[in-house]
Q: 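Submitted below is the structure of interest, expressed as structure tokens.
Positions are given from 1, in the same order as the sequence printed here.
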Amino acid sequence: MKPFLSLCMIVKNEEKVLQRCLDSVYGVVDEIVIVDTGSTDLTKEIALKYTNKVYDFEWTNSFADARNFAQQQATGEWILVLDADEYVDQANLKEMIDILKQTDESVEAYDVVIYNFMGVYGERVLQHRHTRIYRNSPHLRYDRAIHEQLRRVDGEYVQASQGILTVYHTGYMHQAVTEKKKHDRNAPLLEHEMKAGESVAFDYFNLGNEYLSKGEIEKALQSFIQAYQEKKDIRLSWVSYCLVQIILCLKYLQRFEDALQVITDAENLYSETADFPFLRGEIYYLQHRYDDAIEQLEYLLEHKNKYPHTIKTFEYVEYDPHMLLGHMYKHKGNLQKAMYHYSSALSFNRNSYEALYHVLQLLARVHREEEIIQFVENKQLANNELSILLILRIASVLHLEKVVQWYAPKLNDETIQHGFEIKINMLQKRYEEALQQILKSSLSHLQTYIRTGGLDLYDLLVVAFKTNELDVVRLLLHLVSEQKEKEFLLFMMNELEKTSSHEFYLLLLERTIQLKEYELFEQFGGLKDAFDRHIYMRIAHLLYEYGFIDLAIEVYRSINDLYIWDAQAFVNMIEGLTVRNEISDAIQYGMLAFSLGHKDFRLYKYVIELMKLNDMREEMKSILRKAQNIYPDSKWLMNQ
């Protein structure tokens, strides 16, 4: 009997992920066709366990050529296309097959939803649609060397229907991207397509994605804008995604007003899409317009049924709004609401480092560590190796000694466990014992401790200076890869007089505060003159963040050149002086910030509220008018 559904794959050196993919479809699809483009690992051996239809194909620098060759070997009525780093849910695939069996002859292809797991542990999920199921017909073929698309032989691109199949993709996780060097592979293929010039708009869109993934934001923005301007039809699936990417680029460039304008235009086109109302709330948040952001995001959560669609990620519907609301309520001091939103985000994504970090951090403010352990157990947040490691990484950062002690022995990997045991000794201030454990560890073990979060560069520096064993610092030179990190270590050993790596210096100071090693903070603080004058402001920010408000104010006031003050310095001064009930001085610092050109929303909000408190009605109205000119859509300002 002729097969109904054929799986077609092209692979190269996929031994790490191919079995997962094939296991997810085996016994459900009727035929498996695998085309190998030059593997040198065990890929073909794994493939042959599932099918005898494994073919060699000489790579032609064209994904379309390879896919078309795979199609030629397939005998099914329909073709499913997967990559080796993807997989499906079998029940979901069976439902899709039932739909295929009832499909009208006029339908040539189906799009699927692809969930792309991002980050180190797959803690973020982005989505997009792509045509992956199509009729095995000789008049349907792929074209384009990269980002290949189905096309009829008459030259028209296939208009696919929306299917119910979900495909899960791990190829954008950090390690996979690094190992495969996808950027190096994609760039020349994209250049080839750009020269061909057949799909100019789509090429610019893909080029923008490449620039964005490499952090070249300005180039990415220009490419996305060019793509949008060159589009032939707004209904093309990539066009809405392009609009989201434009907004994200403007956000990264802090061009917030431009981003809000694009959002307004996009909402008119895609009124049932959650991406744009969420992004509006996020921009408000980044502008520190917390009251406006809260209203926007709470409306989205309360009316999410009005937004049944998402473009970039389904996390815009619940996870991301809850996280931002948690941040804002924590800032406002409403810890009960903050905990509600962080917990809601965590229930939506149990693998989220960020959500779990903030939940445990808030719990640590009011609960004993034994109660935190009980919370983790009741919520079943530590039910596998990965989740235990996640809790340990967070507990290590938060210096929850008993939590680390409780969960470290539950790890199966003894090397990783050993890294957290060293951290326990540090938390208990047993630095000599920690030192001996470090010196007995091999370089590869030390790298494992750092990679898995048990220790980091700053922990090891603290141990070195607490024990006066600077050979540990020299050992670190073999563990770091960046030249700036090496320079910083040489600076700490007095082998360099200056270093530009102020970020490493500030992180080291922060670690001494976290470990309550205040004498070491003073010792390292004596090195601040090796950096530029902005370092004083950054140190003051750090002190303020950790609650040393009076000391932070003292450092701020020691900075005579007010032109190097940033908006955060003025915000901290106003908040700190208000806490000390020095209201007039707080207002004066706000007015000084305005005279120096600062337009941070928080400055206007604080000055308006303080002037109202001091019955300075006329002065307040003047400041309010200036604020409304800068933030004309702020409902908070409208209500003053």
Q: Just how far is it from atom CD of E495 to atom CD of E487, taken to the nearest 0.5 Å?
A: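 Result: 13.0 Å between the selected atoms.
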Q: I'd like to know whether CD of E554 has more than 12 heavy-atom contacts from other residues, nucleotides or ligands below 6.0 angstrom.
A: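 No, the 6.0 Å shell around CD holds no more than 12 heavy atoms from other groups.
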Q: Report the distance from atom CZ of R580 to atom CG of D585, rounding to the nearest 0.5 Å.
A: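 Between atom CZ of R580 and atom CG of D585 there are 9.0 Å.
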Q: Would you give the length of the straight line joining atom CD of E545 to atom CD1 of I513, rounded to the nearest 0.5 angstrom?
A: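 So the gap between those two atoms works out to 8.5 Å.
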Q: Could you point out which residue of L542, L527, I535 forms a side-chain contact (heavy atoms from CB on, under 4.5 Å) with L509?
A: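 It is L542; the other options fail the test.
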Q: For the pair F570 and Y589, name the ring-plane relationship: parallel under 30°, tilted 30 to 60°, perpendicular over 60°.
A: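 Tilted: the ring planes of F570 and Y589 meet at 30° to 60°.
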Q: Strictly by modelled atom types, are S501 and K484 linked by a side-chain donor-acceptor pair under 3.5 Å?
A: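 No donor-acceptor contact under 3.5 Å links the two side chains.
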Q: Apply salt bridge (charged side-chain N to carboxylate O under 4.0 Å, His left out) to D291 and K605, showing your working.
A: CA-CA 10 Å; D291 298 280; K605 184 174 189 286; 3.7 Å; yes
Q: Verify side-chain contact (heavy atoms from CB on, under 4.5 Å) between T448 and I416, making sure each step is shown before the conclusion.
A: CA-CA 7 Å; T448 299; I416 299 174; 3.9 Å; yes
Q: For the residue pair Y285 and Q296, confirm or rule out a side-chain donor-acceptor distance under 3.5 Å.
A: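 Checked: Y285/Q296 side chains show no N/O donor-acceptor pair below 3.5 Å.
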Q: Search all heavy atoms of K466 against all heavy atoms of Y431 and return the closest pair with its distance.
A: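 Result for this residue pair: CE-CE1, 3.7 Å.
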Q: Is it true that D275 and T310 share a donor-acceptor pair across their side chains at a distance under 3.5 Å?
A: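 No, D275 and T310 have no side-chain donor paired with an acceptor closer than 3.5 Å.
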Q: Got a sec, which pairs hit ring-ring contact (aromatic ring centres under 6.0 Å, His included) with one end in residues 480-515, sequence neighbours left out?
A: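 Checked against ring-ring contact (aromatic ring centres under 6.0 Å, His included) - neighbours excluded - the pairs reaching residues 480-515 are F488-F504, F491-F531, Y505-F531.
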Q: Are Y168 and E86 close enough, and set up right, to give a side-chain contact (heavy atoms from CB on, under 4.5 Å), and what steps lead you there?
A: CA-CA 5 Å; Y168 303 95; E86 298 174 337; over 6 Å; no
Q: Check this for me, if you would: do R289 and E295 make a salt bridge, where the nitrogen-to-carboxylate-oxygen distance has to be below 4.0 angstrom?
A: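 Salt bridge: no.
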Q: Applying side chain to side chain donor-acceptor pair (under 3.5 Å), run through S352 and Y319 and close with a yes or a no.
A: CA-CA 10 Å; S352 168; Y319 173 81; 2.5 Å; yes
Q: Answer with yes or no whether the side chains of S441 and Y449 bring together a donor and an acceptor at under 3.5 Å.
A: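 Looking only at side-chain atoms, S441 and Y449 do form a donor-acceptor pair, the distance falling under 3.5 Å.
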Q: Take R602 and Q568 through the side chain to side chain donor-acceptor pair (under 3.5 Å) test and state the conclusion after the steps.
A: CA-CA 9 Å; R602 293 170 295 177; Q568 189 64 53; 3.1 Å; yes
Q: Does Q19 form a side chain to side chain donor-acceptor pair (under 3.5 Å) with Y87? I'd like the steps, not just the answer.
A: CA-CA 10 Å; Q19 181 174 336; Y87 58 96; over 6 Å; no
Q: Kindly state whether the ring of Y556 and the ring of H541 have centres lying under 6.0 angstrom apart.
A: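 For Y556 and H541, the ring centres are under 6.0 Å apart.
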Q: Under a 3.5 Å cutoff, is there a donor and acceptor pairing between the side chains of N116 and Q127?
A: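 There is no such pair (donor and acceptor under 3.5 Å, judged by atom type) between the side chains of N116 and Q127.
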Q: Can you name the ring-ring contact (aromatic ring centres under 6.0 Å, His included) partners of Y329, sequence neighbours left out?
A: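 Per chain and number, Y329 pairs via ring-ring contact (aromatic ring centres under 6.0 Å, His included) with H341.
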Q: Using the rule given for side-chain contact (heavy atoms from CB on, under 4.5 Å), can you reason through Y606 versus D600, listing the C-alpha separation, both sets of side-chain angles and the distance that settles it, and then say yes or no?
A: CA-CA 10 Å; Y606 288 161; D600 189 294; over 6 Å; no
Q: For a quick test of reading the model, state the closest non-hydrogen atom pair linking A552 to A540 and the distance between them.
A: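 Minimum heavy-atom separation between A552 and A540: CB-O, 3.5 Å.
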Q: After noting the C-alpha distance and the side-chain angles of D41 and K16, does the key distance pass the salt bridge (charged side-chain N to carboxylate O under 4.0 Å, His left out) rule?
A: CA-CA 10 Å; D41 62 2; K16 292 183 178 180; over 6 Å; no
Q: Under a 4.0 Å N-O cut-off, is there an ion pair linking K429 with E517?
A: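 Yes, charged N to carboxylate O under 4.0 Å.
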Q: Do other residues, nucleotides or ligands put more than 12 heavy atoms under 6.0 Å from the CH2 atom of W406?
A: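 Open.
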Q: What's the verdict on side-chain contact (heavy atoms from CB on, under 4.5 Å) for V317 and L300, showing C-alpha distance, side-chain angles and the deciding distance?
A: CA-CA 7 Å; V317 180; L300 173 59; 5.8 Å; no
Q: Is it true that the side chains of Q428 and E401 contain a donor and an acceptor less than 3.5 Å apart?
A: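 Yes, because at least one side-chain N or O of Q428 sits under 3.5 Å from a partner of the opposite role on E401.
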Q: Begin with the C-alpha distance, continue with both residues' side-chain angles, and end with the deciding distance and a verdict on salt bridge (charged side-chain N to carboxylate O under 4.0 Å, His left out) for E510 and R538.
A: CA-CA 11 Å; E510 182 174 20; R538 301 289 297 275; over 6 Å; no
Q: Hey, what's the ring geometry for H288 with Y290, parallel, tilted or perpendicular (30° and 60° as the breaks)?
A: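 Perpendicular, since the angle between the ring planes exceeds 60°.
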